[in-house]
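Each remark here refers to the structure printed beneath this line.
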Protein chains: 2
Amino acid sequence: MFMAMAAPNPDPLAGFPAGFLDGFTSREVGKGQLLATPGQALNQVFIVRSGRLRVYLASDARELSLSILEPGDIFTTHTPTFVRGLEPASLWVIGIREFAAKLTGAPTVAPLMMKVLGRILDNAVSLVEDLAFRDVPARLARFLMRQAERRGEQGPEGCVLPLDLGTEDIACLLGTTRQSVSSLINQWQREGVLSRRGRRALLIHDLPALAARSLAQG
Amino acid sequence: MFMAMAAPNPDPLAGFPAGFLDGFTSREVGKGQLLATPGQALNQVFIVRSGRLRVYLASDARELSLSILEPGDIFTTHTPTFVRGLEPASLWVIGIREFAAKLTGAPTVAPLMMKVLGRILDNAVSLVEDLAFRDVPARLARFLMRQAERRGEQGPEGCVLPLDLGTEDIACLLGTTRQSVSSLINQWQREGVLSRRGRRALLIHDLPALAARSLAQG
DNA sequence: CCGCTTCCGTCGGCCAGCCGACACTCCGGC
DNA sequence: GCCGGAGTGTCGGCTGGCCGACGGAAGCGG
């Protein structure tokens with residue numbers, strides 16, 4: 001559903017030729033620190049080494065997260081989005097011109113970039129689909145199912161999801177409000193579909209029930 | 001607002017090295033003919049030579065156009081979208097593997113592809129922004145302004161827009177309904193902002209008024 | 001232990017805009 | 001001219017979900 005949400009990569013550099021990082025510089029981003037804004041002149045490409053970053057759009061009154069970047073993800077400041085540290089993170093950074101030069105120098109990387117960009121585009125399209133076609137319950141159900149696929153750990157009572165996101169954060173990812181997410185989760189809790197597991201984790205009891213809820217409303 | 005809506009290009013091949021089309025085959029697409037669907041196995045890259053194509057998403061009950069492709073635009077069937085001829089069109093086509101090989105062989109094309117993909121992504125993001133942040137009047141106003149910029153012709157009474165799209169088509173591009181678009185256009189007509197110019201063209205009298213309407217609602 | 005801050009749950013009011021229905025206009029074919 | 005189909009204009013009813021408000025719970029520093 002969201003850009004650049006590949007499974008966390010144990011080796012962030014798999015797929016890049018040896019020495020590809022020559023010319024990159026290192027950079028730290030603090031929690032809550034702004035890395036990029038729409039329309040800024042500075043054009044850079046970066047690869048996440050550790051930590052998480054939030055990619056989002058903002059209007060006067062609201063924010064909409066497009067993606068959470070994780071180690072191994074590649075992105076650029078040359079987009080009409082904000083990028084902000086969700087927690088302390090460290091990056092490899094390079095200017096976009098130098099990066100392009102690197103690409104022409106190492107032709108095997110071009111298809112890889114196509115693949116990365118393709119995945120980001122797929123995710124953006126998928127977000128459009130959600131906003132245009134699905135109501136809030138379906139969006140939330142789909143989100144939870146994807147998370148279960150990505151990071152769920154099978155326990156005795158069901159699938160444990162370490163979301164590490166607050167209600168508000170989830171609402172931002174889904175293009176809805178804190179209140180709507182809250183009331184839905186509690187309703188499903190009453191219905192026995194899932195239950196809270198501490199402050200920022202969920203326990204899914206009934207995955208099929210979630211699947212059913214993800215289909216409603218054409 | 002929409003993918004791949006560059007100004008119509010008098011020479012669709014500007015920017016490609018000579019002989020780049022070697023290996024492409026020619027293909028005609030009839031009006032209303034389906035060229036690509038989500039999940040199809042066939043992966044191709046194509047460049048539009050003439051005519052227009054519609055790129056869109058569909059659910060059970062509704063359709064949402066992402067873009068209208070025009071001569072010079074480049075796209076791929078490897079996306080979770082439908083692509084359909086809006087009028088008779090002709091294309092250059094190549095397999096995606098061969099295309100990738102071409103890229104590594106002609107390294108100057110890689111940055112160009114990055115640029116194309118970047119533009120498509122920007123447009124997708126812009127569509128997300130519209131769906132998430134703007135109400136229908138603002139979306140319509142923005143759409144008309146972009147069209148005026150792209151293809152408007154200054155006449156004595158204002159700017160003439162040859163949209164070549166019906167009310168329903170416009171609604172599809174904006175993620176709304178025929179009825180909403182219709183009533184807005186007529187309301188603005190009554191207010192003197194614009195007027196109909198035959199069946200599928202508009203005459204914009206008051207561009208600033210449109211601009212004002214494009215801002216409403218954060 | 002106690003205050004303070006942040007996050008979470010819930011309720012009711014309200015409204016943008018979707019939907020169905022129907023009449024009208026335009027246009028091409030014969 | 002006549003007919004049929006496609007596109008257009010308009011109206012009311014209905015509802016998903018946003019918004020403001022407020023009280024409760026959980027974490028945290030002292």
Side-chain angles (χ1 to χ4, degrees), chain A residues 31-32 58-64 86-87 130-143 163-191 193-203 213-218, chain B residues 31-32 59-64 86-87 130-143 163-191 193-202 213-218:
Chain A
K31 171 172 176 173
S59 74
D60 299 338
R62 200 167 349 154
E63 295 184 357
L64 174 67
L86 198 57
E87 56 198 55
D130 263 26
L131 288 176
F133 296 146
R134 284 183 253 282
D135 62 13
V136 173
R139 299 217 283 275
L140 179 58
R142 282 164 66 82
F143 171 72
L163 286 179
D164 276 322
L165 296 169
T167 314
E168 181 108 47
D169 300 317
I170 297 174
C172 261
L173 280 165
L174 301 178
T176 179
T177 60
R178 185 186 68 74
Q179 292 97 315
S180 299
V181 172
S182 172
S183 64
L184 275 171
I185 286 183
N186 281 78
Q187 182 186 330
W188 293 350
Q189 201 164 350
R190 269 173 248 124
E191 293 168 1
V193 177
L194 46 76
S195 52
R196 283 206 169 277
R197 214 54 170 184
R199 198 73 158 174
R200 16 190 61 201
L202 286 177
L203 174 61
R213 271 156 244 261
S214 77
L215 292 177
Q217 316 302 51
Chain B
K31 173 172 176 171
S59 75
D60 299 338
R62 200 165 352 151
E63 295 184 356
L64 174 68
L86 198 57
E87 57 197 53
D130 264 25
L131 288 176
F133 297 146
R134 284 184 253 282
D135 63 11
V136 172
R139 299 217 282 277
L140 179 57
R142 282 164 66 83
F143 171 72
L163 286 178
D164 277 322
L165 297 169
T167 314
E168 181 109 45
D169 301 318
I170 297 174
C172 261
L173 280 164
L174 301 178
T176 180
T177 60
R178 186 187 67 74
Q179 292 96 318
S180 299
V181 171
S182 172
S183 62
L184 275 172
I185 286 184
N186 282 78
Q187 182 186 331
W188 293 350
Q189 200 164 351
R190 270 174 249 122
E191 293 168 2
V193 177
L194 47 74
S195 51
R196 283 205 169 277
R197 214 58 173 179
R199 198 72 158 174
R200 14 190 63 200
L202 286 176
R213 270 156 245 262
S214 77
L215 292 177
Q217 315 302 48

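All of these numbers come straight from a predicted model, not from anything done at the bench. In the text below, chain A, chain B and the rest are named by the order of the sequence lines, each starting its count at 1.
- Overall, the helix from C:dC1-D:dG30 to C:dC30-D:dG1 carries an axis bend of 40° between its ends, with five pairs at each end and the value rounded to 10°.
- With sequence neighbours left out, A:Gln187 forms a side chain to side chain contact (heavy atoms under 4.5 Å, CB included) with A:Leu184, A:Arg190, A:Glu191.
- In this structure, A:Thr167 reaches the sugar-phosphate backbone alone: every heavy-atom distance under 4.0 Å involves primed, P, OP1 or OP2 atoms, never a base.
- Set against C:dC8, C:dG17, C:dC18, the side chain of A:Arg178 has C:dC8 as its closest nucleotide.
- The CG atom of B:Leu165 sits 10 Å away from the P atom of D:dT8 (whole-angstrom rounding).
- Computed from coordinates, the B:Arg62 CZ to C:dC18 P distance equals 7 Å when rounded to whole Å.
- Taking CD1 of B:Ile170 as the start and CD of B:Glu168 as the end, the distance is 10.5 Å to the nearest 0.5 Å.
- The distance between atom CD1 of A:Ile170 and atom C1' of C:dC8, rounded to the nearest whole Å, is 12 Å.
- Each of A:Gly198 and A:Gly175 was matched to the nucleotide of DNA chain D holding its nearest heavy atom; the match closer to the 5' end belongs to A:Gly175.
- No donor-acceptor distance shorter than 3.5 angstrom exists from the side chain of B:Ser182 to the backbone of B:Arg178, with no hydrogens or angles considered.
- Summarising the geometry, the separation between CG on B:Asp169 and C1' on D:dA6 is reported as 12 Å, rounded to the nearest angstrom.
- Using a 4.0 Å heavy-atom criterion, one finds that B:Ser182 contacts the bases of the nucleic acid, with or without backbone contacts as well.
- Under the side chain to side chain contact (heavy atoms under 4.5 Å, CB included) criterion, B:Arg199 pairs with no residue, sequence neighbours left out.
- A straight line from CG of B:Asp135 to P of D:dG17 spans 17 Å, rounded to a whole angstrom.
- At least one donor-acceptor pair under 3.5 Å links the side chain of A:Asp169 to the backbone N or O of A:Gly166.
- Side-chain nitrogen and oxygen atoms of B:Asn186 include at least one within less than 4.0 Å of the OP1 or OP2 phosphate oxygen of D:dT10.
- Proximity of a side-chain donor or acceptor of A:Arg139 to a complementary backbone N or O of A:Thr176 within less than 3.5 Å is not detected.
- Across D:dG17, C:dG17, D:dG27, the shortest atom-to-atom separation from the side chain of A:Arg199 is found for D:dG27.
- Residue A:Val136 places its side chain closer to D:dG17 than to any other of C:dG17, D:dG17, C:dC8.
- Scanning atom types as modelled, no donor and acceptor separated by under 3.5 angstrom connect the side chain of B:Arg196 and the base of D:dG9.
- Considering only side-chain atoms of A:Arg190, the nucleotide from C:dC18, C:dT10, D:dC19 that sits closest is C:dT10.
- Side-chain to base pairing of B:Arg200 with D:dG7: no donor and acceptor N or O lie closer than 3.5 Å to each other.
- Side chain of B:Gln179, nearest nucleotide from D:dG9, D:dG16, C:dC19: C:dC19.
- Distance, B:Glu168 CD to D:dA6 P: 12 Å, rounded to whole Å.
- Distance CG (B:Leu184) to P (D:dT8): 15 Å, rounded to an integer number of Å.
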